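Below is one structure, written out as structure tokens; the observations come after it.
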Amino acid sequence: MIYIDELRQLISNILIFMKQEKVALNGGLEIGNSGKTLNDLTNKNIITAFMNGNQTIRYEYELVNLDNSVSAGKELILNSTNHNIKIGKGIKKVEVSANIFLENMANTDYVWCFIRKNDNNVASSIISTSKYFITASISSVLIDVNENDVINLVLNDAKFNDAIRVVRSGSFNTWLTIEAIQ
């Protein structure tokens, strides 16, 4: 059985050979009758969205302000005004994961962290805490999507009170990653 990384390396070696031997791809060599080319298999379509500045949690349910991103490809687009990622044309399945770093959580029973698609939860993590700092990670999940679906990150502070809770910014603290799989 060939694994994805081995397949990518094999394709890379073939492309290097073809370039050295000056073999023309003519827009991409089709693989079988799949309609896919070598270029299709080696190009990534992935985005990681993160925050430019810390965010104070003001409500029981709070949308995380994702307002910056690093991406490869063009069919996953961050809308920094609405703090969500819009699915582009031709994408049917994506893999999603997230990390959220929170502070001033000492008087909290628990916090839910959700990845949502079109306002429906598709992945989550719950943290019970009495610590000042906590990190929630949402492991990778494969989900079905359609063009124009929106994906975002939401918090639910179960014991919301007057305490000022903060979502920490920075690309290594709080982020949402989406990779197009199909």
Side-chain angles (χ1 to χ4, degrees), residues 4 43-129 131-182:
I4 296 296
N43 290 334
K44 289 263 188 189
N45 201 352
I46 187 169
I47 188 169
T48 296
F50 53 93
M51 303 166 58
N52 279 332
N54 291 349
Q55 175 185 349
T56 301
I57 302 172
R58 294 183 176 88
Y59 307 103
E60 182 179 351
Y61 281 92
E62 187 85 20
L63 179 67
V64 176
N65 294 337
L66 302 171
D67 49 16
N68 206 340
S69 67
V70 176
S71 65
K74 58 184 178 183
E75 296 300 332
L76 298 169
I77 303 161
L78 174 66
N79 180 331
S80 59
T81 302
N82 297 328
H83 310 294
N84 60 45
I85 296 172
K86 185 176 179 182
I87 303 299
K89 186 176 182 178
I91 297 175
K92 300 295 179 205
K93 291 188 184 298
V94 295
E95 183 177 18
V96 297
S97 61
N99 194 73
I100 303 167
F101 186 101
L102 301 160
E103 66 180 72
N104 195 19
M105 304 303 290
N107 294 318
T108 301
D109 287 337
Y110 61 88
V111 175
W112 278 102
C113 303
F114 298 105
I115 297 175
R116 297 179 65 133
K117 178 184 86 172
N118 301 330
D119 295 325
N120 296 304
N121 300 335
V122 294
S124 67
S125 178
I126 187 171
I127 305 168
S128 176
T129 184
K131 305 293 182 195
Y132 188 82
F133 296 110
I134 60 171
T135 299
S137 294
I138 301 176
S139 300
S140 296
V141 177
L142 186 66
I143 62 172
D144 294 322
V145 292
N146 294 302
E147 185 176 359
N148 297 320
D149 282 350
V150 292
I151 298 176
N152 52 35
L153 201 50
V154 175
L155 300 175
N156 175 11
D157 183 346
K159 190 177 178 182
F160 184 77
N161 53 35
D162 292 332
I164 298 172
R165 305 194 197 296
V166 175
V167 181
R168 278 279 186 95
S169 64
S171 59
F172 52 89
N173 285 325
T174 300
W175 48 263
L176 170 63
T177 296
I178 302 174
E179 181 175 4
I181 303 298
Q182 185 180 56

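Residues: numbered from 1 along the sequence shown. This is a predicted model, so every value here is computed, not measured.
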Nearest heavy-atom neighbours spanning [X] and [Y]:
X	Y	answer
Ala180	Ile91	CB-CD1, 3.9 Å
Ala136	Ser125	CB-OG, 4.2 Å
Leu78	Ile47	N-CD1, 3.9 Å
Asn156	Phe114	CB-CE1, 4.0 Å

Please answer whether the main-chain N or O of [Y] pairs with a side-chain N or O of [X] as donor and acceptor at a distance below 3.5 Å.
X	Y	answer
Thr174	Phe101	yes
Gln55	Leu66	no
Asp67	Asn52	yes

Less than 4.5 Å apart, side chain to side chain, heavy atoms only: is that true for [X] and [Y]?
X	Y	result
Glu95	Ile181	yes
Val150	Asn118	yes
Leu155	Cys113	yes
Thr177	Ile46	yes
Val111	Leu102	yes
Ile151	Val122	no

Out of curiosity, [X] [atom1] to [Y] [atom2], how far, rounded to the nearest 0.5 Å?
X	Y	atom1	atom2	answer
Arg168	Asn104	CZ	CG	11.0 Å
Asn65	Phe50	CG	CZ	14.0 Å
Leu76	Ile178	CG	CD1	6.5 Å
Ile115	Ser97	CD1	OG	6.5 Å
Ile134	Ile100	CD1	CD1	9.0 Å
Glu147	Lys92	CD	NZ	8.0 Å

**Prompt:** Of Val64, Asn79, Leu153, which meets side-chain contact (heavy atoms from CB on, under 4.5 Å) against Asn84?
**Reply:** Asn79
**Request:** Mind running side-chain contact (heavy atoms from CB on, under 4.5 Å) on Lys117 and Asp149 for me, showing each step along the way?
**Result:** CA-CA 7 Å; Lys117 178 184 86 172; Asp149 282 350; 3.7 Å; yes
